[in-house]
Amino acid sequence: MALSIPTITLNDGRAMPLLGLGTYKSTEKEAEKAIVTAAKYGYRLIDTASSYKNEDSIGRGIRASGIPRENFFITTKIWNTAQRVGDIEGAFNRSLDRLRLDYVDLYLIHWPVPGCYPETWRALEKIRESGRAKSIGVSNFEEPHLTALFEFSGVIPAVNQIELHPTWQQREVVAYCKAHNIAVEAYSPMARGADLNAGDGVIERIARAHGVTEAQVILRWHIENGTIIIPKSVHADRQRQNLDLFGFVLDPDEHAAIDALDGPTRAGHDPMTFTYA
């Protein structure tokens, strides 16, 4: 039976599911099958990007699922190369062609390429005005990038998708986004699995107390923080577990114990030093 997933209202008035399926490093074959399985369980938010090289499979999975297109919330992103050469419109149209969709629900600037992202944002504004992207946002933007964007444009991003997990909580960026009514979306919400063993067994102890998995504890923590999450899985049993977050609640001490795991180390790239190859 498909689960109805709670939504968050974006600053443009649109509803976005709080929980979805990430597809980073999902192969063409894996991605199509994963979408069909995930849709059966109730996933409607699907996150991809042109750089993931699986938009074709995502599109096939959407069509094969039997779920009407309008029931999905599809996100994709523009890569750095297209930003550098100013081919924003072309890159977006190629993503639509690969997905075989008339529109996406959310289009993101994948990385804040220095000297490029303000003009890229202006092009995204025009795409949104055309109706081919219902909402627009950013990914991997730190406070200086967001401040520069505000000075350049009066259009506030609907979403900032960032690396966020218990050992890398990005509190300053999150606070800035909340103060400006930008929804925060976490990729690598479990630090690619590393956080399952964080804190000298604290996650394991909380999981045991609730009769759930360590992954469910971390994902529940995100949900209680109001963070949109997109855990990636191509395995049916894990997809079901990642969706089963609404039958338990962390008590204040448990939530605080996870808050206390915050640390100084990312699992991925630093947007301030990334080479943007």
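All values reported here derive from a predicted model rather than from experimental measurement.
- Judged by distance alone, the side chain of Lys232 and the main-chain N or O of Leu21 form no donor-acceptor pair under 3.5 Å.
- Listed here is the closest heavy atom pair of Ile218 and Asp195: CD1-O, 3.6 Å.
- Heavy-atom minimum distance, Leu261 versus Gly199: CD2-CA, 3.4 Å.
- Side chains of Asn242 and Tyr43: a donor-acceptor N/O pair is absent below 3.5 angstrom, by distance only.
- A side-chain donor-acceptor contact under 3.5 Å links Ser65 to the backbone of Ile62.
- Of all non-hydrogen atoms in Pro157 and Leu149, the two that sit nearest each other are CG-CD2, 3.7 Å.
- Between the side chain of Asn54 and the backbone N or O of Ser26 there is at least one donor-acceptor pair closer than 3.5 Å.
- Atom NE2 of residue His165 and atom OG1 of residue Thr227 lie 12.5 Å apart, to the nearest 0.5 angstrom.
- A donor-acceptor pair shorter than 3.5 Å cannot be found between the side chains of Ser188 and Glu163.
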Lys33 vs Val234, side chain to side chain contact (heavy atoms under 4.5 Å, CB included): CA-CA, chis, key distance, verdict: CA-CA 8 Å; Lys33 183 179 178 182; Val234 297; over 6 Å; no
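- Gln170 places none of its side-chain heavy atoms less than 4.5 Å from the side chain of Asn160.
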Derivation of the side chain to side chain contact (heavy atoms under 4.5 Å, CB included) call for Arg171 and Asp259: CA-CA 10 Å; Arg171 295 182 184 184; Asp259 289 344; 4.0 Å; yes
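- By the neighbour-count criterion of 12 heavy atoms within 6.0 Å, atom CD of Glu70 is densely surrounded, having more than that number from other residues, nucleotides or ligands.
- When every heavy atom of Gln241 is checked against every heavy atom of Thr213, the shortest pair comes out as OE1-CG2, 3.8 Å.
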Check against side chain to side chain contact (heavy atoms under 4.5 Å, CB included), Cys177 and Leu146: CA-CA 9 Å; Cys177 287; Leu146 292 168; 4.0 Å; yes
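- Aromatic ring orientation, Tyr107 versus Phe92: perpendicular (interplanar angle above 60°, classes split at 30° and 60°).
- Linking ILVMFWY side-chain heavy atoms closer than 4.5 Å, directly or via other members, places Val159 and Ile230 in a single hydrophobic cluster.
- With a 4.5 Å cut-off on side-chain heavy atoms, Arg220 and Val249 count as touching.
- Considering only heavy atoms from C-beta on, Pro231 comes within 4.5 Å of Leu19 through its side chain.
- Listed for the His222 side chain is a donor-acceptor partner under 3.5 Å among the backbone atoms of Pro189.
- Relative to the six-membered ring of Tyr24, Arg192 misses at least one condition, a distance below 6.0 Å or an angle of at most 45° to the axis.
- Taking hydrophobic clusters as Ile, Leu, Val, Met, Phe, Trp and Tyr residues chained together by side-chain heavy-atom distances below 4.5 Å, Ile228 shares a cluster with Ile46.
- For the pair Gln83 and Val113, the tightest heavy-atom approach, listed with the atom from each and the gap, is NE2-CG2, 3.6 Å.
- In this structure, Glu119 pairs ionically with Arg122, as a charged nitrogen and a carboxylate oxygen lie closer than 4.0 Å.
- Using a 3.5 Å distance cut-off with no hydrogens or angles, the side chains of Thr48 and Glu55 do not pair a donor with an acceptor.
- Under a hydrophobic clustering in which Ile, Leu, Val, Met, Phe, Trp and Tyr are joined whenever their side-chain heavy atoms come within less than 4.5 Å, directly or via other members, Val155 and Tyr176 fall into the same cluster.
- No more than 12 heavy atoms of other residues, nucleotides or ligands sit less than 6.0 Å from atom CG of Asp102.
- Between the side chain of Glu214 and the backbone N or O of Ile203, no donor-acceptor pair lies under 3.5 Å.
- Screening Tyr117, Phe141, Phe274 against Trp111 for a ring pair (Phe, Tyr, Trp, His ring centres under 6.0 Å) leaves a single residue, Phe274.
- Comment: Lys126 does not engage Glu89 in a salt bridge, judged by the lack of any side-chain N to carboxylate O separation of less than 4.0 angstrom.
- Between Phe248 and His210, the ring planes lie tilted relative to each other; the angle falls in the 30° to 60° range.
- Side-chain polar atoms of Ser57 and Glu32 form no donor-acceptor pair below 3.5 angstrom.
- Cluster membership check: Ile229 shares its hydrophobic cluster with Leu18, using side-chain heavy-atom separations under 4.5 Å among Ile, Leu, Val, Met, Phe, Trp and Tyr.
- In this structure the side chain of Asn181 never reaches within 4.5 angstrom of the side chain of Ile156, judged on heavy atoms.
- No donor-acceptor distance shorter than 3.5 angstrom exists from the side chain of Thr167 to the backbone of Asp262, with no hydrogens or angles considered.
- Note that OG1 of Thr76 and CZ of Arg98 are 7.5 Å apart. Values are rounded to the nearest 0.5 Å.
- The closest donor-acceptor contact from the side chain of Arg205 to the backbone of Asp200 lies under 3.5 Å.
- Paired with Asp105 under the rule salt bridge (charged side-chain N to carboxylate O under 4.0 Å, His left out), one option of Arg132, Arg14, Lys134 passes, and it is Arg14.
- Within the model, atoms CG of Leu243 and CD1 of Ile5 stand 4.5 Å from one another, a figure rounded to the nearest 0.5 Å.
- Of the possible polar contacts, one joining the Gln216 side chain to the Asp244 backbone as a donor-acceptor pair under 3.5 Å is found.
- Under the 30°/60° scheme for interplanar angles, the aromatic rings of His110 and Tyr52 are found to stand perpendicular.
- Under a cut-off of 6.0 angstrom, the local environment of CZ in Arg100 is sparse, with at most 12 non-hydrogen atoms contributed by other residues, nucleotides or ligands.
- The distance from the CE atom of Met16 to the CG atom of Leu106 is 5.0 Å, given to the nearest 0.5 Å.
- Side-chain atoms of Asp47 never come within 3.5 Å of backbone atoms of Thr23 as a donor-acceptor pair (strictly under, hydrogens ignored).
- A side-chain donor-acceptor contact under 3.5 Å links His145 to the backbone of Glu142.
- Ring-centre distance between Phe152 and Trp121: not below the 6.0 Å cut-off.
- Closest of all the heavy-atom pairs between Val36 and Gly61 is CG2-O, 3.8 Å.
- To the nearest 0.5 Å, atoms SG (Cys116) and CG (Asn80) are separated by 8.5 Å.
- Both Val217 and Leu219 sit in one connected hydrophobic cluster of ILVMFWY residues. Membership requires side-chain heavy atoms under 4.5 Å apart, directly or through other members.
- The distance from the CG atom of Asp251 to the CD1 atom of Ile206 is 8.0 Å, given to the nearest 0.5 Å.
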